[in-house]
Each structure stands twice: as structure tokens, then as C-alpha cells.
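Accompanying notes for the structure given below.
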There are 2 protein chains.
Amino acid sequence: MTQTETGSRTRRRPTTHALDAQTQILEAADTLFYREGARAVGVDAVVKLAGLNKMSLYRQFESKDALLLHYLERRAQRFWGYFEASVARHPGQPREQLLQFFRDLATRATHPSYRGCPFVNIAAEFPDPTHPARLAVATNKTQLMERLRALAREADSPAPERLASGLALLIEGTYAASQTYPPGHPVVMAAVDTARTLLDALAPGTA
Amino acid sequence: MTQTETGSRTRRRPTTHALDAQTQILEAADTLFYREGARAVGVDAVVKLAGLNKMSLYRQFESKDALLLHYLERRAQRFWGYFEASVARHPGQPREQLLQFFRDLATRATHPSYRGCPFVNIAAEFPDPTHPARLAVATNKTQLMERLRALAREADSPAPERLASGLALLIEGTYAASQTYPPGHPVVMAAVDTARTLLDALAPGTA
DNA sequence: GATCCTATGTACCGAGCGGTAACATGTCAA
DNA sequence: TTGACATGTTACCGCTCGGTACATAGGATC
């Protein structure tokens with residue numbers, strides 16, 4: 001899909017320009033889709049920011065929807081990068097790992113350029129739940145839930161399912177509140193305290 | 001804005017048709033804006049569902065944005081109708097009032113046609129935080145926060161601010177999770193349990 | 001230096017967007 | 001009956017959308 005096909009005889013040139021173009025387009029799409037909304041941004045705006053031309057986009061991606069799926073894939077990788085970076089700061093301490101993630105999330109979510117969870121925004125912009133982009137959203141959230149469940153078990157919670165669900169709801173709430181409440185509203189930062197309260201109640205063993 | 005102006009001399013006719021048209025348009029817009037997204041739906045689709053034509057819309061509303069604000073006003077009233085209906089079922093019992101709201105919210109949020117919080121969806125679709133629709137969103141959420149704070153105080157919470165923030169995050173999380181997690185995922189229903197856990201921790205006085 | 005192949009760019013497509021001018025119709029008051 | 005005005009309808013405006021046909025440019029090969 002994303003690579004140009006060649007004939008059988010001639011050796012293929014490395015198409016270095018094409019690879020550059022692909023990354024340029026992906027980065028431009030990442031910026032614009034997140035900042036302005038994937039549906040609101042046209043392909044013209046993407047190629048303009050990438051310094052390219054529309055045909056250069058459609059030679060790398062078969063449609064805007066295909067580009068959208070690549071955007072979500074990049075965002076998923078970035079999210080897990082954030083998540084595991086928080087976890088890595090407290091090896092073997094699942095409670096602190098979770099709290100660290102909430103602290104880092106709250107920090108990101110209070111940044112002026114923060115526009116909420118890219119997956120949530122996609123779900124809001126695409127009503128059809130069978131749209132491929134919506135499937136990518138559901139996959140990401142299911143994986144997040146599994147990760148939270150694993151950490152809840154590591155924290156020796158007597159109710160890991162309830163703890164994981166509660167934390168998942170707090171995460172989604174933080175995303176949403178960062179966009180719906182007035183800028184700088186303390187409810188976003190309150191997610192850390194609430195997560196601690198939940199951990200105190202549902203994982204009392206670990207200090 | 002929504003009413004036609006008349007001259008000074010002649011008595012104004014009741015414009016019964018116009019009032020009908022206005023309600024038809026508002027109901028069509030309510031259905032479509034919520035189901036498909038306000039930005040994704042064109043005015044043509046609205047007037048078509050209303051059984052009218054485009055000029056009938058633009059004589060009642062000066063622009064699509066004006067219609068959008070009316071839509072949000074209707075949704076705000078509906079939301080407070082839901083909220084106070086839950087509260088009214090347990091007079092004088094703030095803890096039960098809050099839990100009832102979470103139960104009712106979870107019920108609504110698991111309905112197949114549920115599309116999340118209309119205000120959150122508007123925030124996702126309109127990136128500019130100074131857009132009038134975004135101001136309406138922020139107003140609604142600020143009012144919700146105040147209402148939660150009042151109930152937290154009524155419940156004699158030693159930390160009403162923290163309790164209200166936590167509940168607000170859970171509410172937003174329920175909205176979002178209903179759309180981002182796969183249909184029927186139990187995380188949505190888990191909001192009730194999590195709210196109870198929060199209340200146990202931050203409003204232990206009331207039974 | 002001519003040839004060929006491919007990556008790139010220009011210009012365009014039909015469709016839909018929000019919004020409006022102009023005109024036809026209907027209905028009430030004088 | 002007639003005039004005045006709110007309403008209904010049609011056609012259209014300029015613009016942007018996602019997507020594409022086709023001409024051009026550039027670099028390796030012979």
C-alpha cells in the first residue's frame with residue numbers, strides 16, 4: 001500500500017525522495033489531525049504543511065482513510081511510549097507506576113496545546129462504529145484496559161477488575177475534562193488525588 | 001435573532017407556521033447534530049429531515065452556528081432534566097442522589113444509540129476554544145462542577161472539592177468510555193461501583 | 001548525446017459545503 | 001377587493017472537499 005510497485009525487469013531505485021515524502025506527510029498529518037481534527041482537516045492542508053503536492057500523498061497512501069489509520073498507529077505507539085516511560089520510573093512498584101502515569105498525564109493534559117486523547121477525538125468525529133478508525137480506537141482502549149488490569153493484579157488488589165475499570169474511567173475523564181472544562185481548571189490535576197484515593201481503597205496492601 | 005422583526009405600525013401576525021418550522025428544525029438538528037456530529041452534518045440534511053427547505057431555516061436562525069447554540073441550549077436543559085430527576089428520587093440523601101445519577105447515566109450510556117456527551121463531542125469537533133459553542137460547553141461543565149460540589153457538601157464530605165472533582169472525572173470518563181471502548185464493555189457500568197468507592201472514601205458520614 | 005523510465009507537479013473532476021437573491025404563494029387587515 | 005407582508009420554493013453563488021488524468025522534469029543507461 002504505502003510503497004510504490006515496480007516492474008519485473010529494471011532494478012528499483014531507492015526512491016529516497018518518496019521515503020522523505022512519506023515521513024513529511026505523516027508528520028504533517030499528525031500535527032493537523034490532532035490539532036484541528038482529522039475530519040476537519042483536508043488533504044490539501046496536509047500536503048501544504050508537508051511542503052508537497054497532493055499527488056505525492058496519494059502515491060504513498062491510497063486514501064485519506066489509509067493515512068488516518070497510519071496516524072492512529074503513530075499515536076498508539078506514542079501513547080505506549082508515555083505509559084511505559086511512567087512505569088519504568090518505579091520498577092516493581094505498581095502503585096507508584098500508576099500514580100506516576102497519572103502525574104505525567106495530568107502534566108501533559110494541562111499543556112495549552114493539549115487537545116485531549118486522539119482516539120477519543122476520532123470516536124467523536126466518526127459516528128460509524130464500524131469505521132476502521134473506530135476499530136483502531138477500540139483496540140487501543142482494550143489494550144489499555146488489559147495493561148491496567150495487569151498492574152492492578154501486580155498491586156495485589158483484591159478487586160483488580162474494579163480497580164482497573166475505575167482507573168480507566170479516570171484516565172478517560174482526564175482526557176475529556178482537559179477539553180470541556182475551562183482552561184486551567186483544577187479538575188484535571190485532581191485526577192492524581194482521585195487515583196490515589198482509588199488505590200487506597202482497592203489496593204491497600206502496597207504502600 | 002430567532003424572531004423576525006416587524007415594522008412599527010402594523011400588528012404582527014402570529015406566524016404560526018414559522019413557530020412550527022422553528023421547532024421542526026430544532027428537533028431535526030438535535031437528532032442529526034447528536035447522532036452524526038454537528039460539523040459533519042450540513043444544513044441541507046437538517047432541513048431535509050425537518051421536511052422544509054433551506055430558506056426556512058435561515059429565516060429562523062441567522063447561521064448554522066446560531067442553530068448550533070440553540071442545539072446546545074436544548075441539550076443543556078435535557079441534561080439538567082436528567083440530573084435533577086435522579087436527585088429527586090432520594091430527597092435529602094445526597095449520597096443516594098449521586099449514586100442514582102450514576103446508575104441512570106450508566107443506563108443511558110449503554111443504550112445502542114448513545115453517542116456520548118454532546119458537549120464533549122462539540123469540544124472534539126471544534127478545536128478553537130474561543131468558539132461560542134465551546135463557551136457553552138465550558139459553561140455547562142462549570143455548572144455541573146458547582147452542582148457536584150454542592151452535593152458533596154450536603155453529604156458532609158470532609159473534602160468536598162476532591163469528591164466533586166473525582167465524581168466529575170468519573171462522569172466524563174463514562175461519557176468517553178461509552179464511545180471508545182467496544183460496545184457493551186463493562187467499564188461503563190463500573191462507573192457506579194467506582195463512584196460508590198469514592199463516596200465511601202470521601203463522604204463516609206452518610207450511610 | 002539520445003533514450004527511456006519514473007518521480008513529481010499542474011490542473012482538473014463531480015460533489016457537497018454554508019449562505020443568498022429572486023420570485024411565487026398564501027393569508028390577513030383595511 | 002386590494003394591498004402588504006410573512007412564508008415557501010427554486011436556482012444559484014463562491015468555496016472546499018477527496019480523488020485523478022495527464023503533462024513535465026530529472027537522472028541513469030546505452
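Bear in mind the structure is a predicted one, so any value in this text is a computation, not a measurement. In the text below, chain A, chain B and the rest are named by the order of the sequence lines, each starting its count at 1.
The nearest whole Å value for the distance from the CZ atom in B/Arg59 to the P atom in C/dT25 is 15 Å. Atom CZ of A/Phe126 is separated from atom C1' of D/dG18 by 12 Å (rounded to the nearest Å). When rounded to the nearest whole Å, the span between NZ of B/Lys48 and C1' of D/dT10 equals 17 Å. C/dT20 atom P lies 15 Å from atom CZ of B/Phe61, rounded to whole Å. With rounding to whole Å, A/Lys64 atom NZ is found 15 Å from D/dT20 atom P. Between the CG atom of B/Leu68 and the P atom of C/dG18 there is a distance of 11 Å, rounded to whole Å. Put simply, CG on A/Asn53 is 17 Å from P on D/dC22, counting in whole angstrom units. Taking atom CG on A/Leu57 and atom P on C/dT8, their separation rounds to 13 Å, with Å as the unit.
Within the 4.5 Å cutoff, the side chain of A/Tyr175 has no heavy atoms near those of the A/Asn121 side chain. Counting heavy atoms from C-beta outward, A/Thr142 and B/Pro182 have side chains that approach closer than 4.5 Å. Proximity of A/Phe101 to A/Leu167: side-chain heavy atoms (C-beta onward) are nowhere separated by under 4.5 Å.
Residue A/Ser63 places its side chain closer to D/dG19 than to any other of C/dT8, D/dG19, C/dT10. The side chain of B/Met55 lies closest to C/dA21 when the candidates are D/dG18, C/dG9, C/dA21. Of the candidate nucleotides D/dC17, C/dG9, C/dG19, D/dC17 has the atom lying nearest to any side-chain atom of A/Asp44. Minimum atom distance to the side chain of A/Tyr58 is reached by D/dG19, of the listed D/dG19, C/dT8, C/dG19.
Using a 4.0 Å cut-off on heavy atoms, the residues of residues 29-43 of chain B that approach DNA chain C are B/Val41, B/Gly42, B/Val43, listed by number.
Contact detail for A/Met145 and A/Ser165: the closest heavy-atom pair is CE-OG, 3.2 Å. Nearest heavy-atom pair, A/Ala45 versus A/Val41, reported as atom, atom and distance to 0.1 Å: CB-CG1, 4.1 Å.
Checked against A/Phe119 for a side chain to side chain contact (heavy atoms under 4.5 Å, CB included), the options A/Leu144, A/Thr139, A/Asn140 give a single hit: A/Asn140.
A cation-pi contact links B/Arg75 to B/Tyr34, judged by a cut-off of 6.0 Å to the six-membered ring centre and 45° from its axis. A cation-pi contact, defined as under 6.0 Å to the ring centre and within 45° of the axis, links A/Arg39 to A/Phe126.
Across its full length, the helix from C/dG1-D/dC30 to C/dA30-D/dT1 shows an angle of 20° between the axes of its 5 terminal pairs at either end, rounded to 10 degrees.
Considering only side-chain N and O atoms, A/Ser56 lies nowhere under 4.0 angstrom from the phosphate OP1 or OP2 of C/dT8.
Between the side chain of A/Lys54 and the base of D/dG19 there is at least one donor-acceptor pair of N/O atoms closer than 3.5 Å.
Under 3.5 Å, the side chains of B/Gln77 and B/Glu73 contain a donor-acceptor pair of N or O atoms.
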